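None of the values given here were measured: they were computed from a predicted structure. Residue numbers start from 1 in every chain, and the chains themselves are labelled A, B, ... in the order their sequence lines are given, proteins ahead of strands. What you see below is based on every heavy atom in this structure, not just the backbone, and it leaves out hydrogens, waters and symmetry mates.
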Protein chains: 2
Amino acid sequence: MPPSRNKDAPAAVKVGAGKGGKAATINDIARLAGVSKKTVSRIINRSPLVREDTREKVEALMREVGYTPDPMARGLAFRKSFLIGMVYDNPTAQFIVNMQYGALDTLRDSGFELVVHPCDSRSPNYIDGVRRFVQQQKLHGVMLVPRVSEDQALADMLDEIGCRYVRIAAVAMDKPERMVVTHDHDGAAEVADYLQTLGHRDIALITGPADYRSAIERTQGFLGALERRGIVLPESRVVEAGYTFESGVAAAEKLLAAKKRPTAIFCGNDEMAAGVYRAALRSGIQIPQQLSVVGYDDSPLASRLWPPLTSVRRDTRDTGRMAAAMLLQSQDGPRPMASVRPHLVIRDSCQPPE
Amino acid sequence: MPPSRNKDAPAAVKVGAGKGGKAATINDIARLAGVSKKTVSRIINRSPLVREDTREKVEALMREVGYTPDPMARGLAFRKSFLIGMVYDNPTAQFIVNMQYGALDTLRDSGFELVVHPCDSRSPNYIDGVRRFVQQQKLHGVMLVPRVSEDQALADMLDEIGCRYVRIAAVAMDKPERMVVTHDHDGAAEVADYLQTLGHRDIALITGPADYRSAIERTQGFLGALERRGIVLPESRVVEAGYTFESGVAAAEKLLAAKKRPTAIFCGNDEMAAGVYRAALRSGIQIPQQLSVVGYDDSPLASRLWPPLTSVRRDTRDTGRMAAAMLLQSQDGPRPMASVRPHLVIRDSCQPPE
DNA sequence: CTGAAAGCGCTTACAG
DNA sequence: CTGAAAGCGCTTACAG
């Protein structure tokens, strides 16, 4: 046949992803590769039912043309978007940002994107808000960040509407394939061991709110480890506060007003530890000479304080990475839960008691 | 006709958004309302070409059924998603989180969602990364946060591919309908006036990196206002640093080592001001008695420091709100730029010189 | 291993 | 002011 038959062949106009021209579609690829769109679809979706040389030819073409399947078209057909939601009710900016970084680390080049949904878990209809968010966008899955991750009603709702989720929490509270556990219990226990080893016996604890699982775990981990080492704190040495700077100041003032002061204070987070610094400064108490202080989070604040604060680091970015990875896993069956281990970062806020 | 004719009528199965049943579609609404899907579409898109009573009837039905149009189907037909992108290269967590909160304030109940895209503007191909992000998701628009907002090459690329964007920056650097201006010049000028009014004459400045527009504006605003009040800083009183804590420490050490120390230091951000605190502590210099310090950002750190740091507040959340609102505006024509004004928050880190 | 048909839930022309 | 047809770019059955 003469070359004129080319009229029947694909127009072969190369359509790059950039500039003025429209982006290539699955039809363009199919036409240019001389296969059906279904075959291209199989390749996009990594189906094994494609001959190896066909796959290679088409993949080369897709690269050359710069083709990426349209997530909205795929989403419409799949009845499911290529979006991962991150739901949180957490005022700690660094924590949230790190979690986002981590999630995006694993989402990069996966075709998925991260859509954020901060909310107010004290608001009566926040669960409805999350439901609308999930259903309207047909989210592929959601990451539940503390403290909303602890809300069983939220998890139940997601389960009911068939939305995949992963909970990030201090301790396992769901099926393992839905959990990233941060083991706050162990982080706090490490603090207890450290203070005991330094020689502290009269130790105080400022806890977070008792309805936060992280606060409970840190408290139990700390007290439990102390007990194992023969130290039992009297009730007067344990003060509940609100995870905030101001509540930390108030709790510290109470503790430091006692006739006999503790020689060390462990705080449920760094913000409250900063509050202890403030109260100590007001009372003319030297840290660490007269008072050792330990925080939790290893926030940027920890190294800005003077003396630099010893604190428990949690690798939040890694946590985010893991949570997103679990959401992308294709199989739905039971898998082991993910774990991220906290560890103590020793700075200059502790020394042996005088 | 007997009731049996109902077989021809809509099945009238009420399909709520929740539970097991599938969500209602435009076809369900059209059928139940007895109009064409095109009419429903017109109502969704707020077309005026619908009779008022038709509109009301259909809207009531949509509410009753809990119908929301599928963003992926709409997006596919529109060739444009209902997603707003936020692109940033900024290490300040609180700033980013506040910007996200602000954007979400205006996106709430708009049918749009926020998808985040942190990036590394020093990486050679980050612009390509943003392009893929925008094109692949067919984003409706993007918010450009400092410092990527200052990159003309990024803006040019977005313009070229026809992507709507808004730049948030210290000063106007694009068409007004694409700008949210934070007037860092004025914020810094207010600091100059404040210090001069307190009686300071020997003042120092620690600037951010000279290739950050915010640093340039704050520097010029500060120096300009001082000059207007008859104070000209010698070169030795102006030190460039990197917007980081450590660089602030180093810059302050240089300034405080001088035979004659300045009586006040203005820092381009709070992190560097925290560095000045650290350096002053090391040298046994009392703040504010022997040295007044002012920061910029009014970050959480400002009130955690001792003494609490006087700083320039920028309403970042409001900035985010405005930027998102500009992206949602339907008309594309020229509009006035948006402005958000900084203002000084006076705490305890300044007093008249001794 | 491959393909033609129908459909996901919307919208854009085009008629009336 | 309203509607029937075709199409957005993919996928799911269903055949071969």
Between residues 53-62 of chain B and DNA chain D, which residues have a heavy-atom gap below 4.0 Å? Thr54(B)

Counting Watson-Crick and G-U wobble pairs whose two distances are both under 3.5 Å, find the runs of 3 or more in a row that involve DNA chain D. C:1-3 with D:14-16, C:5-12 with D:5-12, C:14-16 with D:1-3

Phe78(B) CZ to dG9(C) P: how many Å, rounded? 17 Å

Tell me whether the OP1 or OP2 atom of dT11(D) has a side-chain N or O from Arg74(A) closer than 4.0 Å. yes

Ala77(B) side-chain proximity, nearest of dT11(C), dG9(D), dT2(D): dT11(C)

Report, one pair per line, the protein and nucleotides 13-16 of chain C atoms (nitrogen or oxygen only) whose separation is under 3.5 Å.
none

With sequence neighbours left out, write down each residue that passes salt bridge (Lys or Arg N to Asp or Glu O under 4.0 Å) with Asp53(B), or none if nothing qualifies. Arg51(B)

In whole Å, what is the span from the CG atom of Leu76(B) to the C1' atom of dG7(C)? 12 Å

What integer distance in Å separates Lys80(A):NZ from dG9(D):C1'? 20 Å

Can you name the salt bridge (Lys or Arg N to Asp or Glu O under 4.0 Å) partners of Asp89(A), sequence neighbours left out? none

For dT11(D), does OP1 or OP2 lie under 4.0 Å from any side-chain N or O of Ser41(A)? yes

Using 4.0 Å as the upper bound for N to carboxylate O, is an ion pair formed by Arg178(A) and Asp159(A)? yes

Nearest whole Å is fine: how far is dT12(D) C1' from Asn45(A) CG? 11 Å

Starting at atom CD1 of Ile44(B), determine the distance to atom P of dT2(D), rounded to an integer number of angstrom. 15 Å

Return the set of residues passing side chain to side chain donor-acceptor pair (under 3.5 Å) with Asn125(A) (not counting sequence neighbours), or none when no residue passes. Ser123(A)

Tell me every residue that passes salt bridge (Lys or Arg N to Asp or Glu O under 4.0 Å) with Asp156(A), counting only those two or more places apart in sequence or in another chain. none

Under the side chain to side chain donor-acceptor pair (under 3.5 Å) test, residues paired with Asn27(A) that sit two or more places apart: none

Show every ring pair (Phe, Tyr, Trp, His ring centres under 6.0 Å) that has at least one partner inside residues 134-167 of chain A, sequence neighbours left out. Phe112(A)-His140(A)

Closest to the Thr25(A) side chain, choosing from dC10(C), dT11(D), dG9(D): dG9(D)

Just how far, in rounded Å, is P of dG9(D) from CD1 of Ile43(A)? 19 Å

Residue list, salt bridge (Lys or Arg N to Asp or Glu O under 4.0 Å) with Asp151(B), at least two apart or on another chain: none

Is there a side-chain contact between Met72(B) and Phe78(A) in this structure, where contact means two heavy atoms from C-beta onward sitting under 4.5 Å apart? no

Could you grab the distance from atom CZ of Phe95(B) to atom CG of Asn90(B), nearest 0.5 Å is fine? 5.5 Å

Show me the pairs that pass salt bridge (Lys or Arg N to Asp or Glu O under 4.0 Å) and involve residues 133-144 of chain A, at least two apart or across chains. Lys138(A)-Asp70(B)

Are Thr39(B) and dG3(D) close enough that a side-chain N or O sits under 4.0 Å from OP1 or OP2? yes

Closest-nucleotide ordering on DNA chain D, the 5'-leading residue of Glu52(B) and Arg79(B): Glu52(B)

Could you state the atom-to-atom distance from NZ of Lys138(B) to C1' of dC10(D) in whole Å? 11 Å

Phe133(B): ring pair (Phe, Tyr, Trp, His ring centres under 6.0 Å) partners, not counting sequence neighbours: His117(B)

Provide, to the nearest angstrom, the distance between the CZ atom belonging to Phe82(A) and the P atom belonging to dG9(D). 16 Å

Options dA4(C), dC8(C), dG9(D), nucleotide nearest the side-chain atoms of Ile26(A): dG9(D)

Consider the side chain of Leu49(B), meaning its heavy atoms from C-beta on, and name the nucleotide among dT11(C), dT11(D), dT2(D) that approaches it most closely. dT2(D)

